[in-house]
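These notes are about the structure you will find just below.
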Number of protein chains: 2
Amino acid sequence: MRHLLTLRFIDAVARVGSIRKAAETLAITSTALNRRILAIEEELGVEIFERLPTGVRLSAAGEIFLHHIRQQLSDLERVKSQIDDLAGERRGHIAIACSQALLTDFLPKQIAIYRSAHPAVTFSVYLRDRVAAEKALAEMSADLALVFEPVERSEFQVLHSVQQPVCVVMKQSHPLADQSVIRMRDCLAFPLALPSTAYGVRHLLDMAARRRLLKLQPAIESDNFEFLRSAVAAEEALTFQIPIGLPANLEALGLTMRHLAEQDVPPGVLEVGQLRGRILPVAASRFAEQILRALILRFE
Amino acid sequence: MRHLLTLRFIDAVARVGSIRKAAETLAITSTALNRRILAIEEELGVEIFERLPTGVRLSAAGEIFLHHIRQQLSDLERVKSQIDDLAGERRGHIAIACSQALLTDFLPKQIAIYRSAHPAVTFSVYLRDRVAAEKALAEMSADLALVFEPVERSEFQVLHSVQQPVCVVMKQSHPLADQSVIRMRDCLAFPLALPSTAYGVRHLLDMAARRRLLKLQPAIESDNFEFLRSAVAAEEALTFQIPIGLPANLEALGLTMRHLAEQDVPPGVLEVGQLRGRILPVAASRFAEQILRALILRFE
DNA sequence: GTAGCCTGCTGCATATTTTGCACCAGCATT
DNA sequence: AATGCTGGTGCAAAATATGCAGCAGGCTAC
């Protein structure tokens, strides 16, 4: 919407930290952009940006104002989707920040289901770790977050949470594969392919190890779950994953999984959340409902 | 703020119900105003107004959009007052819708106190009955409402409530003045000067009467409490008022008051409220706190 | 220490947008 | 049928936004 253009521009400048840089991406001259900012600042009677030799930085007032801008922009989206709803066509865009485990199977499937009912709805899905996901919500660059073991700061409003026990993934021919539940101490005899420390699964494992005064020594460490699975398929190593992150074709890959004993590593929590107090666009709200139903159906 | 001008205009058009009429008060030509509306409608892809031969009326989409507009406008006020707060000067404007009883003594005094601390804050005070006050909140034409016996629809969020017993007001020389608590049946022997039915006090009295299968026969009826007091000062009539609505100089007027027996007429409730879910501007929020403290101090 | 490079900012001519006037068509009231 | 209201449109004038060229000032690298 045109009347919010300047506000969009300010948002962009704040993100980039430079008027000239932002102008380039915004298809506008730095002159014009600069003057729009000056005009707004005059209207407000306060400087939104501190001018530094290297660019600009939000002032205290700017922080407040920018938050207001983002709120307005997201509100407008909501209103537009409500209006579209009136006309019967469900349109809109849903931005999601989520843990890697969700990308494997769960989200693609859920999005396909939703889009088959509402083809006009578009999606953005961003991989974000537990901290970054909450930041994305606060900045309104994401409508929904699906996070495993979130940090849960005050801005994160949980819509639903399900327990996710940690599972061991290994080759079908692995010596441990004949046990139905696997103890942590048995794992230590094998090379470990662990996700990097930013991930919730690793967090749980590290916590459990520290409680026993141990330190996990990963033979292979990666921030990519697919790579870890491939690594496990290639040797007699073990990796760890939560059920929702396991691909449906696990067996076809020659892999299998077993639950880790809960007395060794307690189950983690997968939480669906939004920015506290925000009223979501219709589409995002309905998609959240769908996800919640799916989670309940599958894990409770 | 200039970028919201069109939205302000739309608000005005919606209130007046005519583009030409609105244009007159907005210091703009109907042409320009009309085109601004058309432009917005094109951006939204929906008609905001239904065009009637006699003017315009909000469409369903318009209702949603207008609510959004009012929300935005009031949000901006809040943001501006937050920013002003940053600079140390408490500025802003507070709009209040309230029952008549509050106008006599309580509000003028509270506003004077607040303004002595924050002279840059300005006030609008509107007399609104119980229904209209809540409408004013919903339309965001008022930030706060102080209502006696509110209807309490869902949009009304109570910040605080205090009980207010109904009092009888009469001349100091009145035959009933020697009783400390007055029974309803004793009142019926005298001419009654009653507030009109829209008022909470009258509502309570009517309810009490109906419970006894009576119907109150007012000798004098008025929507102005000051007039009612003067009427009572002029003859041996009785009028009714809640404590907060009694002027401080009651005795100086030759009048006095007694509590009405609570078994006859139960105390009513005076409630301070705001629009549910709305975040008030800083000034309004602080003023509300002050009022709450004052009410607690005086009536609890 | 200075030359180059980046930053935000400004004067002025040029595009673009917005506005107001005059006028049109449609409906309601008289 | 006449009048008076409504919103809507073509066109020229006014107002606004833009882009270019060039400014001062701070950082960085040689």
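So you know, we letter chains A, B, ... as the sequences are listed, proteins then strands, and number each from 1. Note that this is a predicted model, so its numbers are computed, not measured. Keep in mind that the numbers below use all heavy atoms, side chains included, and drop hydrogens, waters and symmetry copies.
A distance of 6.0 Å or more separates the ring centres of A/Y199 and A/H203.
Of the two residues contacting DNA chain C, namely A/I19 and B/T54, the nearest-nucleotide position lying further toward the 5' end is that of A/I19.
For the atom pair B/E63 CD and B/H68 NE2, the distance stands at 15.0 Å (nearest 0.5 Å).
Minimum heavy-atom separation, B/C98 to B/L102: SG-CB, 4.0 Å. Closest approach of A/L33 and A/F9 over heavy atoms only: CD1-CB, 3.5 Å.
Taking 4.5 Å as the limit, some side-chain heavy atom of B/R202 sits within range of a side-chain heavy atom of B/E221.
One interatomic measurement links the two molecules: CD1 of B/I48 to P of D/dG7, which rounds to 14 Å at whole-angstrom precision. Distance, A/K21 NZ to C/dC5 C1': 12 Å, rounded to whole Å. Atom-to-atom, CD of A/E42 to P of C/dC9 comes out at 13 Å; the value is rounded to the nearest Å. Spacing between atom CD1 of B/I28 and atom C1' of C/dC21 amounts to 14 Å, rounded to whole angstrom units. One interatomic measurement links the two molecules: CZ of A/R57 to P of C/dT7, which rounds to 17 Å at whole-angstrom precision. We find that CD of A/E41 is positioned 11 Å from C1' of C/dG8, with the value rounded to whole Å. Following rounding to the nearest Å, B/R51 (CZ) and C/dA28 (C1') show an atom-to-atom distance of 19 Å. Atoms CG (A/N34) and P (C/dT10) sit 7 Å apart, rounded to a whole Å.
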Test ring-ring contact (aromatic ring centres under 6.0 Å, His included) on B/F123 and B/F287 and set out the steps.
-> CA-CA 11 Å; B/F123 283 79; B/F287 184 65; 4.9 Å; yes

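No engagement by A/L52 is indicated, since no non-hydrogen atom pair under 4.0 Å with the nucleic acid exists. Counting non-hydrogen atoms under 4.0 angstrom, B/S18 reaches the backbone sugars and phosphates but no base.
Just one of B/R78, B/R286, B/R278 meets the salt bridge (charged side-chain N to carboxylate O under 4.0 Å, His left out) condition when paired with B/D143; it is B/R278.
You'll find a donor-acceptor pair under 3.5 Å spanning the side chain of A/R20 and the base of C/dG8, going by distance alone.
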Nucleotides 10-17 of chain D: protein proximity per nucleotide (B base, S sugar-phosphate only, - neither; heavy atom, under 4.0 Å) = BB----SS

